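The structure displayed is predicted, hence computed values, not measured ones.
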Amino acid sequence: MPSSLSFAQEASKVQIFDSNITVDQVLKAQSGWCNALLKISSTYASGGINAAKPLAAQVINSAYAYQYGPVAFKPTLTSGAQTFRATKEGALAYFVGNDPNYPSDKGFALKDWRSCTAVNKVIQIKGPSATTMGNVLFTDSKGVVTTVDKTWNFVRENDGSIRIMLHHSSLPFGG
């Protein structure tokens with residue numbers, strides 16, 4: 001029978017990983033995404049594209065899972081051959097424009113946004129991932145509200161960070 005000291009030494013080598021994502025983490029990730037978008041918008045207003053572009057790149061690096069490969073990202077105001085943004089470069093072009101490879105992008109994050117609120121209709125959690133579906137309400141400096149339909153899939157990494165693996169956004173059907 002092992003001594004209590006040797007058992008304690010063995011037990012200290014046990015590592016427990018809890019990779020389950022929580023509703024609170026999902027809500028914080030959505031709020032963080034909105035706050036980051038507003039910060040990019042205000043940075044652009046005060047410092048121009050040379051200030052906004054590096055900030056947007058930093059936001060994309062921390063919020064999205066491009067370091068693992070393609071992200072399923074379908075931005076709101078895209079169409080045609082460049083509808084989907086599976087690469088970090090494509091996402092950056094959508095958020096801040098100014099990329100000759102994406103000539104239709106004018107910079108969604110560069111608009112004069114003043115508020116951003118996620119309104120969930122569905123939150124599904126399974127282990128380390130969560131899927132949400134609902135609306136995001138964007139308000140500009142004139143008080144005009146733009147509502148988009150949004151679906152996100154988040155994954156929780158072992159270090160606790162939450163990253164976006166899927167981001168689908170579109171204007172509501174006007175039929």
Side-chain angles (χ1 to χ4, degrees), residues 21-68 70-78 82-120 123 129-157 159-172:
I21 196 168
T22 67
V23 171
D24 187 53
Q25 289 171 320
V26 170
L27 298 176
K28 284 181 181 175
Q30 290 176 322
S31 176
W33 185 92
C34 277
N35 290 338
L37 180 85
L38 297 175
K39 184 165 178 140
I40 294 166
S41 178
S42 67
T43 298
Y44 176 72
S46 65
I49 191 65
N50 291 332
K53 193 169 187 173
L55 174 60
Q58 179 185 358
V59 166
I60 291 166
N61 284 336
S62 65
Y64 290 83
Y66 285 108
Q67 69 273 30
Y68 300 117
V71 168
F73 181 19
K74 191 286 180 192
T76 309
L77 302 173
T78 59
Q82 294 183 321
T83 298
F84 304 104
R85 302 307 167 85
T87 66
K88 192 182 329 183
E89 294 76 22
L92 183 61
Y94 179 73
F95 283 114
V96 297
N98 295 283
D99 185 329
N101 295 316
Y102 297 89
S104 297
D105 287 357
K106 304 302 178 213
F108 182 78
L110 303 183
K111 296 178 184 275
D112 197 14
W113 300 120
R114 297 299 169 94
S115 72
C116 175
T117 305
V119 180
N120 294 301
I123 298 176
S129 70
T131 302
T132 65
M133 184 175 65
N135 302 109
V136 175
L137 311 174
F138 300 96
T139 306
D140 68 16
S141 61
K142 295 176 183 162
V144 176
V145 177
T146 301
T147 301
V148 300
D149 295 339
K150 189 158 311 268
T151 301
W152 272 311
N153 179 264
F154 299 95
V155 65
R156 182 181 187 276
E157 298 184 73
D159 68 0
S161 61
I162 307 298
R163 297 199 185 269
I164 300 167
M165 297 287 293
L166 176 144
H167 176 167
H168 182 278
S169 185
S170 60
L171 294 174

Test your reading of the model: is there a side-chain donor-acceptor pair from [X] to the backbone of [Y], 3.5 Å cut-off?
X	Y	result
K142	T139	no
R85	A91	no
N135	N120	no
N98	V96	yes
S46	S42	yes
E89	D99	no
D105	G97	no

Distance (rounded to the nearest 0.5 Å) between [X] [atom1] and [Y] [atom2]:
X	Y	atom1	atom2	result
S41	L110	OG	CG	7.5 Å
F138	S115	CZ	OG	9.5 Å
Y102	L92	OH	CG	10.0 Å
R163	I60	CZ	CD1	12.5 Å
H167	K74	NE2	NZ	9.0 Å
I162	S62	CD1	OG	12.0 Å

Given the rule in the side chain to side chain contact (heavy atoms under 4.5 Å, CB included) test, do I21 and V26 qualify, once you have shown the distances and angles that lead to the verdict? CA-CA 7 Å; I21 196 168; V26 170; 3.8 Å; yes
Centroid separation under 6.0 Å, is that true for the rings of F108 and W113? yes
Could you verify whether a donor N or O on one side chain and an acceptor N or O on the other, from T132 and Q30, lie under 3.5 Å apart? yes
Where is the tightest heavy-atom contact between [X] and [Y], given as atom of each residue plus distance?
X	Y	result
I40	V59	CD1-CG2, 4.2 Å
T147	L171	O-CD2, 4.1 Å
A118	C34	N-SG, 4.3 Å

Where do C116 and V136 land on the side chain to side chain contact (heavy atoms under 4.5 Å, CB included) test, with the steps shown first? CA-CA 7 Å; C116 175; V136 175; 3.7 Å; yes
Applying side chain to side chain contact (heavy atoms under 4.5 Å, CB included) to Y44 and L55, what does each step give before you reach the verdict? CA-CA 10 Å; Y44 176 72; L55 174 60; over 6 Å; no
Considering residues at least two apart in sequence or located in another chain, which fulfil the salt bridge (charged side-chain N to carboxylate O under 4.0 Å, His left out) criterion with K28? D24
Using ring pair (Phe, Tyr, Trp, His ring centres under 6.0 Å) as the criterion, point out the one residue from Y64, W152, Y66 that pairs with F73. Y64
Would you check, one step at a time, whether the test side chain to side chain contact (heavy atoms under 4.5 Å, CB included) holds for L77 with Y94? CA-CA 9 Å; L77 302 173; Y94 179 73; 4.0 Å; yes
